[in-house]
Amino acid sequence: MSERLVREDGPLVVVEGLTVDFTTGEESVRAVDGLSFSLDAGRAIGLVGESGSGKSTVAAALLGLHRGTGAEVGGTVLVNGTDVGTASDRELRALRGAVAAMVFQDPLSSLDPYYAVGDQIAEVYRVHTDASRKAARARAVEVLDRVGIPDAARRSRSRPHEFSGGMRQRALIAMALACEPRLLIADEPTTALDVTVQAQILDLLHDLRRETGMGLLLVTHDVGVAAESVDEVLVMRHGRQVETGTVGEVLGTPREAYTRALLAAVPRVDSPLTRPSGPHPARPAIEDGTAHPVGAHRDDAVLLEAVDLRREFKRGRTTVAAVDGVSLTVRPGETLGIVGESGSGKTTLGRMLVRLLDPTAGQLRYRDTDIGTLSEKELRPYRRELQMVFQDPVSSLNPRRSIGESVADPLRAAGVLDQARTVARVRELLERVGLDPDRYDRYPHEFSGGQRQRVGIARALAAEPRLIVCDEPVSALDVTTQAQVTALLAELQRELGLALVFIAHDLAVVRHVSDRVAVMRAGRIVEQGTVDEVYGAPSDPYTRQLLAAVPALDPAVAAERRAARTGLRKDVAVA
Amino acid sequence: MTAADLLTSEAATPVAASGGRQVWRRLRSRPSAVVAAVVLVLLVVLALAAPLLAALEGQDANAYHDSLIDSARGGVPTGSFGGVSADHWLGVEPGTGRDLFVRMLYGARVSLLVALGATVVQLAIGVAVGLAAGLGNRFLDTFLSRVTDVMVALPFLVMGIALTAVVPSEFPRSLLLILIIGLLNWGGTSRIVRAQTLSLKELDFVAAARLGGSGRLRVARRELLPSLAAPVITYASILLPSNIVTEASLSFLGVGVKPPTPSWGQMLSSAQTWFRADPMYVLLPSGVLFVTVLAFTVLGDAVRTALDPREASRLRVGRSRRSAGRTPRTARETPSARKTPEGTAS
Amino acid sequence: MTRYLLKRLGGALLVLLVLSVVIYALFYVVPGDPARLACGERCSPQQVAQVREQLKLTDPVWLQYAHFIQGVFAGRDYSTGTATLHCDAPCLGFSYQTDQQVTQLIVQRLPATASLAFGAMVVWLVIGVGTGLLSALRRGGVTERVLTLFTLAGTSTPVFILGLLILMVVCAYLQWLPFPSYVPLTEDPEQWAWNMLLPWFTLGLFESAKYARLTRSSTLETLAEDHIRTFRAYGVGERTVVGKHALRGAVPPVIALNALDVGTVLGGAVLTESLFGIPGIGKTLIDAVKVIDLPVVVGVVLVIGAAVVLANVLADLLYAVADRRVVLQ
Amino acid sequence: GPEDNDAKSDGGAASASGKPQKGGTLSVLNNEPQTDFDPARLYTSGGGNVPSLVFRTLTTRNRENGAEGNKVVPDLATDTGRPNADATEWTYTLKDGLKFEDGSPITTADIKYGIERSFAAELSGGAPYLRDWLVGGSTYEGPYKDKKGLASIETPDAKTIIFKLDKPEGDFPFLATATQFAPVPKAKDTGTKYEEKPVSSGPYKVVKNEGDGEHLVLERNPNWSEATDDERHAYPDRIDVKAGLDAAVINQRLSTSTGADAAAITTDTNLGPAELARVDSDKNLASRVGTGHFGYTNYLAFNPKVKPFDNPKVRQAISYAINRTSVVNAAGGSALAEPATTFLPNQPAFGYTPYDPFPAGKTGDPVKAKEVLKEAGYPKGLTITLTHSTEQNRETSPEVATAVQEALKKAGITVKLEGLENNAFGEARKTVSKEPGFFLSRWGADWPSGGPFLAPIFDGRQIVKDGAGNFNHAQLNDPAVNKEIDEINKLTDPAAAAKRWGALDKKIGELALDVPLFHPVYKRLVGKDIKNVVISDWTGVLDISQVSVK
Ligand SMILES: Nc1ncnc2c1ncn2[C@@H]1O[C@H](COP(=O)(O)OP(=O)(O)OP(=O)(O)O)[C@@H](O)[C@H]1O
Ligand SMILES: Nc1ncnc2c1ncn2[C@@H]1O[C@H](COP(=O)(O)OP(=O)(O)OP(=O)(O)O)[C@@H](O)[C@H]1O
Ligand SMILES: [Mg+2]
Ligand SMILES: [Mg+2]
């Protein structure tokens with residue numbers, strides 16, 4: 001590594017008037033527009049902004065990754081003294097990985113599925129050093145160990161699919177660390193992870209920076225994540241810089257309206273409960289904390305009741321119980337929140353509630369009928385009353401059908417309305433969820449994530465349901481859009497008296513919308529109660545750990561939490 | 001300006017053409033695709049206009065011209081370049097002196113008809129069986145997969161020979177060829193469609209349709225078929241040319257179209273030995289076949305590219321939008337259902 | 001795994017059974033009298049009757065089929081005229097034409113076809129995958145176009161013309177190689193390889209365009225995947241990125257297609273076999289079909305069918321090895 | 001044989017000059033494998049090629065170029081046979097010193113056994129003459145079932161053999177050339193497996209027989225003595241027969257003639273029209289091409305039981321309309337086919353008498369045809385169906401059918417083509433009940449004499465009523481014709497017989513029961529080291545026993 005130039009003089013990164021244009025067909029998009037900033041060694045800067053604001057494009061520009069893709073890059077980018085724009089391919093290759101390393105957004109797909117994790121790290125290491133194969137392997141084990149992969153020597157021989165999401169993200173960070181880069185670029189390193197894992201990764205980054213003194217460029221759309229990990233923040237919008245300054249300044253006393261809006265939209269676990277769309281007439285007793293807030297005012301009838309619901313999946317020879325004896329009730333007009341980390345069985349449970357999946361055991365009663373065992377045909381009359389809004393706005397709409405047709409589908413299947421009335425009804429529904437009815441004939445790819453989620457809601461409403469299971473309806477969306485969608489759901493519930501089951505991994509969001517909350521872990525409900533009970537006085541250690549892992553907007557609080565987390569992790573590990 | 005307004009303004013996406021039109025536009029923007037399409041249209045037009053063009057040249061497809069060939073030398077055309085002349089634009093056929101230009105035109109009718117017809121049959125059966133297997137219960141899936149195995153294992157030429165012997169000779173030959181190629185060779189299509197269906201049916205929009213009260217048929221027709229278009233079209237662009245060559249091979253084995261009807265395959269098979277004595281006779285059908293195959297391939301590639309939204313954004317650095325969400329699904333995903341061109345039965 | 005294999009093999013057996021019934025039924029209705037064809041053109045009716053009796057063609061079809069199945073599982077006895085011999089268990093019957101045991105016949109003929117198929121497979125994999133990779137790398141460039149044209153020319157020329165052209169050019173015109181004539185591998189491996197070279201290329205070239213297209217598209221697909229970007233972002237050279245990471249991802253679909261083709265080639269190499277005089281089962285099959293030599297037809301079809309089915313099982317296994325994420329069930 | 005003229009061509013080509021010498025390896029490149037190598041199973045005319053190197057018979061064909069080759073000469077026997085007065089009994093005596101490959105002497109018992117074997121159902125395939133002619137032949141079931149043997153073959157001693165026939169057969173010496181007359185030692189008979197290792201009586205023995213006749217290797221038989229065999233030369237030391245090759249490839253190899261192919265011949269592949277066009281422009285190649293004739297006629301057959309072919313005028317009109325030039329072109333051009341107006345092949349040995357009862361000229365006479373058609377009652381023309389095979393053999397194949405179709409069109413006759421797969425075609429053509437009205441057919445000689453040419457086609461007693469085996473397509477059963485056939489069969493002088501066959505042919509020809517189209521000609525290419533090329537008119541095939549490679 002002797003030949004590597006280490007320039008101690010001047011800032012590590014200097015970006016001056018950066019512009020990036022993408023040309024597709026005849027159209028040209030300016031993704032980054034005149035951005036300037038600099039970063040000193042050992043410091044961390046956060047790039048914050050909603051989806052599509054150009055954050056990843058900037059990150060890629062630092063490594064010259066736009067080269068050869070047809071994108072036009074203007075302005076200058078200096079990384080450790082190298083002008084990325086004019087450097088030769090060789091110089092660029094020497095820069096990449098060794099001087100500046102990048103951790104990509106999606107740990108699930110950023111590793112080659114066909115090679116062992118350790119080998120991939122070793123490969124990168126050998127590109128930049130003349131280490132022997134063996135030495136490189138040893139180095140890979142070393143960095144894997146450094147990022148906290150247990151039993152690193154053995155696990156380094158595993159392929160990526162044998163790693164959990166958090167482990168993969170660690171492996172990527174390990175790869176970045178392998179050559180001891182001076183600059184680490186982390187592009188949304190935690191978006192794909194559970195809160196608890198997210199907290200671990202952020203802690204790791206924090207520690208590394210402190211120990212090795214490398215510079216960090218953290219790209220994120222989550223203001224909370226930025227608050228925890230960086231010194232400075234740069235807020236981006238439409239490729240332009242909106243506001244920049246230290247974390248404290250920008251998050252504490254934002255100057256720009258946009259920054260303020262961004263901050264306002266972030267749901268918090270600790271702020272006082274303010275429902276996004278004002279008080280909820282159907283749930284007047286919500287704040288008093290009684291066990292049956294709705295029952296007091298409305299008929300005591302239970303709309304949907306699950307008793308000891310269980311669902312197993314066969315995996316080769318073993319069976320996994322994804323949902324393992326869950327009992328819950330949903331009453332008309334109320335919202336039941338379900339939280340839990342990835343793989344805890346939330347989706348499986350949700351799908352069983354609407355009978356997209358057949359329960360292996362247990363009972364599912366809907367208005368006095370046991371619908372858990374009905375055949376598809378017998379289920380027909382109930383189908384439309386139980387609807388679902390799906391997690392992924394991309395896969396929940398057929399990309400080859402216009403959104404109007406998708407929404408019209410339940411109406412057509414019912415076959416009650418004629419063509420003209422169907423179209424009229426769909427337009428009405430689209431309008432209701434805040435979409436322009438004239439976009440009836442448009443295709444899903446012409447809509448943003450939030451808009452697609454609205455289409456999904458409109459489709460669910462078209463069936464005139466009494467209960468909607470919302471499976472992480474906002475996890476795919478950035479904060480601002482999240483706020484809109486949750487507001488819409490609350491409003492609809494108020495108007496139509498719907499019952500909602502709201503599934504999410506984000507504690508803050510669930511707190512925001514629910515009357516009661518159930519916490520799931522490994523297929524079981526570990527804690528169930530009103531919002532205040534669960535968030536105010538969590539009785540289960542797991543719930544406490546979840547709550548502690550939520551990033552705080554205030555850097556000072558964040559540091560406090562970090563300390564608390566370490567203790568809790570031990571508790572849960574024992575439990 | 002409220003915060004909410006400020007935030008939503010971004011959501012307004014640029015006005016883009018709708019799906020079909022967009023595909024069309026993308027196609028049009030590729031010169032190679034345009035050329036290929038023009039070539040194919042031209043071929044079809046030429047084939048349809050065969051009687052007209054024949055009249056223009058003043059020849060007929062079946063008239064013998066004994067004077068234009070040298071009987072003592074195996075019937076090789078007397079003129080140069082296979083007897084090209086003002087009367088016979090592309091020369092004449094060795095052994096008979098029939099006009100090659102007109103025979104090529106009429107041959108195009110048969111070849112294109114057989115290839116297209118067979119492809120349609122293959123796709124229709126393949127898609128139906130593949131869909132049924134992918135959507136049906138375990139039993140139906142196993143059953144149909146086994147049937148597909150049998151189809152794939154049946155030696156095609158043998159069946160062709162046997163069937164042409166069994167079917168009465170009054171049965172129109174072109175139709176018979178279409179049926180033989182189509183009915184026996186749909187295994188590949190059905191495997192692709194099954195694999196695609198298996199992965200598609202896991203998608204949420206299918207679940208949503210079920211919740212909306214759609215039955216299986218409705219789901220298949222409305223939700224799955226449109227999504228199967230891209231892989232099926234790609235496969236069709238491989239099938240079409242191979243069907244033309246298959247027709248030629250069947251002709252070579254004596255089970256092609258009825259004489260004196262010409263077809264490219266039949267011409268190729270009788271031209272087999274002539275390439276030194278009369279190169280023109282071989283070059284004509286080979287050349288035309290090559291051009292056709294090339295055109296179909298180029299067009300097929302282009303259509304597939306145009307239909308595939310990922311292809312359009314191929315140059316994007318990171319697929320940030322897609323991966324912005326949490327996608328914890330990979331563990332369940334069975335890649336055997338993905339990327340398999342012919343699909344593997346599992 | 002074992003259970004999976006057992007299940008697949010059970011399925012395979014069923015497929016073969018159906019296959020034999022289909023072929024039996026079809027050839028039963030094909031015009032032409034096997035007895036007369038076996039007896040010769042100018043046999044008298046009495047003689048034909050004798051032959052029919054001797055070939056047991058007087059039995060009802062179902063009984064003939066039952067005998068066939070019995071032979072497969074339990075073996076059969078047969079007479080050469082001067083002696084009675086036993087045909088051991090997987091007995092596929094006797095050729096009507098030559099009285100040879102079908103099993104023996106296949107054992108004699110299979111090596112030639114297998115040599116052809118596997119050699120051709122190597123050729124199409126090398127040419128096809130090579131071309132596909134290169135054209136994925138040089139996407140849109142001249143190299144890609146030339147390579148594409150080359151492989152397409154191979155596909156759009158029927159084997160009987162392509163092979164003859166290759167023979168003409170290589171053996172007659174340039175005289176680089178003598179005309180090939182089949183030498184069994186066991187006899188002289190070197191001569192075997194030299195003599196199979198042209199058949200391999202003929203068949204391999206014919207098939208390679210498909211592979212080129214598949215490899216190209218699946219390489220492009222893999223190249224667009226996120227993990228490729230990772231290695232580029234870490235300064236790994238383009239050659240390693242494509243040759244190691246992209247190729248690895250492009251392999252599984254090629255395996256799947258290959259499995260399908262091995263079967264097709266085993267049965268469909270008739271034209272190549274007869275062009276190059278390779279004494280393989282494809283040619284045997286077509287000859288048997290022409291004289292309605294039903295036992296040979298059924299036997300060979302079954303062997304080809306078994307090869308197809310096995311190739312598919314093998315492909316699934318390989319696929320699972322190539323892509324560890326696949327769960328066999 | 002009927003039409004399996006897989007063997008065909010006549011002398012002429014002498015390629016490499018100089019006196020033929022012993023030694024070397026002769027390569028034979030063939031299309032058809034020698035699947036039958038059992039003397040019982042070989043058909044009369046097809047048995048004369050490679051097998052005649054291994055099997056000697058009582059008589060054999062004269063190994064000379066052209067017409068000389070149409071004569072019968074003694075082989076194992078001392079003469080061509082001694083008939084009794086009415087030619088119903090034929091006696092042969094064996095030469096001295098004849099031995100099998102294992103050194104044991106050849107006796108007449110071995111010959112009798114060889115003939116008896118050919119009656120076994122297991123060993124079917126030969127010509128029907130023995131069965132038809134020998135007393136008790138029609139009911140004999142072969143030595144495996146019927147241990148007593150065939151009484152009509154007598155072997156009073158090891159040297160003498162007497163055949164007793166049902167009726168006079170002057171052509172018996174011709175029949176005795178068939179491989180069924182080869183000796184088979186009973187002790188070595190292995191039934192259907194005999195063909196794997198037949199016991200040689202000729203100059204070569206089989207040392208390798210792979211893939212059911214795909215690859216044969218023959219080497220000298222040390223127990224064969226040239227002194228006892230006037231006909232076979234046996235110059236090469238070794239003969240290597242590779243079969244299963246594509247016809248185009250065989251010709252290509254012979255013309256390139258490099259390596260082992262320089263010493264190569266083929267016994268079953270002719271030059272095709274495309275190759276001929278090339279050979280013609282290449283002097284070097286032209287000198288290596290031999291021309292052969294074989295008694296063979298391709299013709300249009302009528303079934304007079306089917307309308308409108310019951311009307312002789314219709315048949316005549318078609319005869320007038322035929323354009324033999326385009327038919328000949330379809331068959332490969334004038335070098336490969338000679339227009340035929342007689343049913344008998346155009347060779348004196350068959351009794352060829354030129355005649356043309358319905359002259360159509362070179363390219364047909366549509367005017368005359370229309371006229372005759374009008375007389376027949378079809379002034380507005382007529383539509384008929386022509387049945388042919390889909391096999392591409394340039395004989396009953398689509399090309400020939402289309403040429404006929406085009407010619408008849410000019411005479412106002414619309415021809416619909418019905419192409420049948422070869423087996424289906426064969427079955428339809430040879431089954432009385434299924435016989436189409438109008439179809440392409442062909443007939444080849446079993447030996448160069450009018451008898452085996454005319455009798456199976458026009459002898460009413462040879463009509464096979466049930467099953468597929470009938471060649472008398474016209475189903476002619478004219479007592480006068482039958483009687484004349486019997487009369488000629490009594491003649492033991494070939495020349496006298498020939499004359500009468502010719503006359504009979506002319507008489508039948510006038511009935512317009514068929515339209516002779518062409519007699520094929522065979523062009524055979526040999527490697528450049530091949531010497532002593534002999535092609536007789538008997539088989540038209542290059543005589544493998546005469547060539548040398550040195
Ligand atoms: N179809 C299936 N086949 C096999 N296993 C499954 C299937 N669906 C779910 N599982 C398993 O069941 C468990 C629970 O899955 P589920 O999708 O319900 O979790 P989740 O809480 O919704 O997670 P996430 O937050 O990631 O969506 C997981 O271990 C998952 O792998
Ligand atoms: N290769 C490309 N071709 C065309 N447009 C592109 C390309 N890459 C990015 N864009 C566009 O540039 C803009 C900025 O994209 P970028 O990926 O940088 O956003 P981001 O801020 O990282 O968003 P996210 O939070 O969703 O990751 C978007 O409008 C995007 O659609
Ligand atoms: Mg991004
Ligand atoms: Mg989920």
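Chain letters run A, B, ... following the sequence lines, proteins first and then strands; every chain starts at 1. If you're wondering where the values come from, they're calculated on a predicted model, not measured in any experiment.
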- Query: Looking only at heavy atoms, which two atoms of C/C171 and D/T256 are closest? And how far apart?
  - Reply: O-CG2, 3.9 Å
- Message: Using only non-hydrogen atoms and a strict under-4.5 angstrom cutoff, which residues of residues 290-303 of chain C touch chain D?
- Response: C/K290, C/V291, C/I292
- Task: Using non-hydrogen atoms and a 4.5 Å limit, figure out which bit of D/D189 sits close to chain C: side chain, backbone, both or neither.
- Result: both
- Message: Strictly below 4.0 Å, N to O, side chains only: are D/D246 and C/K283 in salt-bridge contact?
- Response: no
- Distance from C/Q50 atom CD to D/E122 atom CD, nearest 0.5 Å? 9.0 Å
- Which residues pass the side chain to side chain donor-acceptor pair (under 3.5 Å) test with D/E195, sequence neighbours left out? none
- Message: What part of C/L55 gets within 4.5 angstrom of chain D, counting heavy atoms only: side chain, backbone, both, or neither?
- Response: neither
- Message: Is C/F276 in contact with chain D via its backbone, its side chain, both, or neither, using a 4.5 Å heavy-atom distance?
- Response: backbone
- Query: Taking everything shown except C/F201 itself, do over 12 heavy atoms lie less than 6.0 Å from its CZ?
  - Reply: no
- Query: Tell me, side chain or backbone of D/F119 under 4.5 Å from chain C's heavy atoms, or both, or neither?
  - Reply: backbone
- Considering only heavy atoms, which portion of D/E196 lies under 4.5 Å from any heavy atom of chain C: side chain, backbone, both, or neither? neither
- Message: Measuring from atom OG of C/S181 to atom CG of D/L29, what distance do you get when rounded to the nearest 0.5 angstrom?
- Response: 8.5 Å
- Can you say whether C/P45 sits under 4.5 Å from chain D via the side chain, the backbone, both, or neither, judging by heavy atoms? side chain
- Determine the option with the most heavy-atom pairs under 4.5 angstrom with chain C, choosing from D/A424, D/G426, D/G469, D/S124. D/S124
- Query: Where does C/D33 contact chain D at under 4.5 Å (heavy atoms): side chain, backbone, both or neither?
  - Reply: both
- Query: Which residues from residues 102-109 of chain C are near chain D, with near meaning under 4.5 Å between non-hydrogen atoms?
  - Reply: C/Q108, C/R109
- Between C/P180 and chain D, which part of the residue has a heavy atom less than 4.5 Å away: side chain, backbone, both or neither? backbone
- Message: With rounding to the nearest 0.5 angstrom, report the CD to CZ distance, D/E427 to C/R36.
- Response: 9.0 Å
- Selection from D/R253, D/R41, D/E214 maximising heavy-atom pairs under 4.5 Å formed with chain C: D/R253
- Message: Using a 6.0 Å cut-off, check whether atom CD of C/Q175 has over 12 heavy atoms from anything other than its own residue.
- Response: yes
- Once you round to the nearest 0.5 Å, how far does CZ of C/F179 lie from CG of D/L254? 9.0 Å
- Note on the structure: Taking every heavy atom of D/L245 against every heavy atom of C/G277, the minimum-distance pair comes out as CD2-CA, 3.6 Å
- For C/E190, look at atom CD and say whether over 12 heavy atoms of other residues, nucleotides or ligands are found less than 6.0 Å away. no
- Task: Using non-hydrogen atoms and a 4.5 Å limit, figure out which bit of C/A112 sits close to chain D: side chain, backbone, both or neither.
- Result: neither
- Item | Test item: D/N423 and C/P31 side chains (from C-beta on) under 4.5 Å apart, heavy atoms | no
- Item | D/T35 and C/Q97: CA distance, side-chain angles, deciding distance, side-chain contact (heavy atoms from CB on, under 4.5 Å) verdict | CA-CA 9 Å; D/T35 42; C/Q97 287 285 319; over 6 Å; no
- d(D/L123 CG, C/C39 SG) to nearest 0.5 Å is 11.0 Å
- Message: Suppose we screen for side chain to side chain donor-acceptor pair (under 3.5 Å). Which residues come up paired with D/K193, at least two apart in sequence or across chains?
- Response: none
- Task: List the steps and the verdict of side-chain contact (heavy atoms from CB on, under 4.5 Å) for D/V249 and C/L164.
- Result: CA-CA 8 Å; D/V249 174; C/L164 213 52; 4.0 Å; yes
- Task: Check whether C/V51 gets within reach of chain D through its side chain, its backbone, both or neither, counting any heavy atom under 4.5 Å.
- Result: both
- Message: Rounded to the nearest 0.5 Å, what separates atom OH in C/Y173 from atom CD in D/Q252?
- Response: 12.5 Å
